[in-house]
Amino acid sequence: MLNLTINGKNIKVEEGTTILQAAKDNGIYIPTLCYDDAVKVYGACGLCVVEAEGIPKLLRSCSAKCSEGMVVNTESKRVVQSRKIAMELLMSAHDGDCVAPCQLNCPARTDCQGYVGLIANGEYEAALKLIKNKVSLPASIG
Ligand code: FES
């Protein structure tokens with residue numbers, strides 16, 4: 001077992017445990033975007049960074065392993081600033097142009113997100129008009 005400190009909390013973990021897992025197991029939240037338990041660690045988003053005393057670079061907690069005596073800070077000013085920059089970089093190449101899977105699979109490429117949004121706003125006529133832009137007889141394939 002290894003002993004370390006995360007945000008001032010003393011923690012014991014098994015060797016080989018990532019900082020992210022150690023934090024999670026002890027109720028300490030670290031934001032993640034690309035991490036998923038079910039797949040191999042990718043380490044690309046940079047949102048899970050943390051600071052460890054004596055280590056000049058920020059560590060990606062989803063891939064960095066705990067070590068004996070490690071002192072980790074998940075909320076320092078430097079960490080928060082780095083996450084903010086990582087998020088801004090991710091968003092800079094994203095214009096809100098995501099296309100819903102239902103639209104990608106619709107044979108007519110109907111704007112599903114659009115008409116569902118209009119329906120949610122109570123704009124039923126506009127929703128129907130949007131559907132009919134692509135599908136002249138919606139009942140026939142709907
Ligand atoms: S969760 Fe994306 S780099 Fe760690």
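Since we're looking at a predicted model, the values are computed, not measured. Both counts, for ligands and for their atoms, begin at 1 and track the order of listing.
Annotation: the span from Thr74 atom OG1 to Ile30 atom CD1 amounts to 5.5 Å, rounded to 0.5 Å. Here Asn10 contributes atom CG and Thr5 contributes atom OG1; the two are 4.5 Å apart, rounded to the nearest 0.5 Å. Atom-to-atom distance recorded for Ile85:CD1 and Leu90:CG is 12.0 Å, nearest 0.5 angstrom. Rounding to the nearest 0.5 angstrom, the gap separating the CD atom in Glu51 from the OG atom in Ser61 is 13.0 Å.
When the shell of 6.0 Å around CD of Glu125 is examined, it contains 12 or fewer heavy atoms from other residues, nucleotides or ligands.
The backbone N or O of Val79 sits nowhere less than 3.5 Å from a side-chain atom of Ser82 that would complete a donor-acceptor pair.
Protein atoms that are N, O or S and lie under 2.8 Å from atom 2 (Fe) of ligand 1 are these: Cys34 SG, Cys45 SG.
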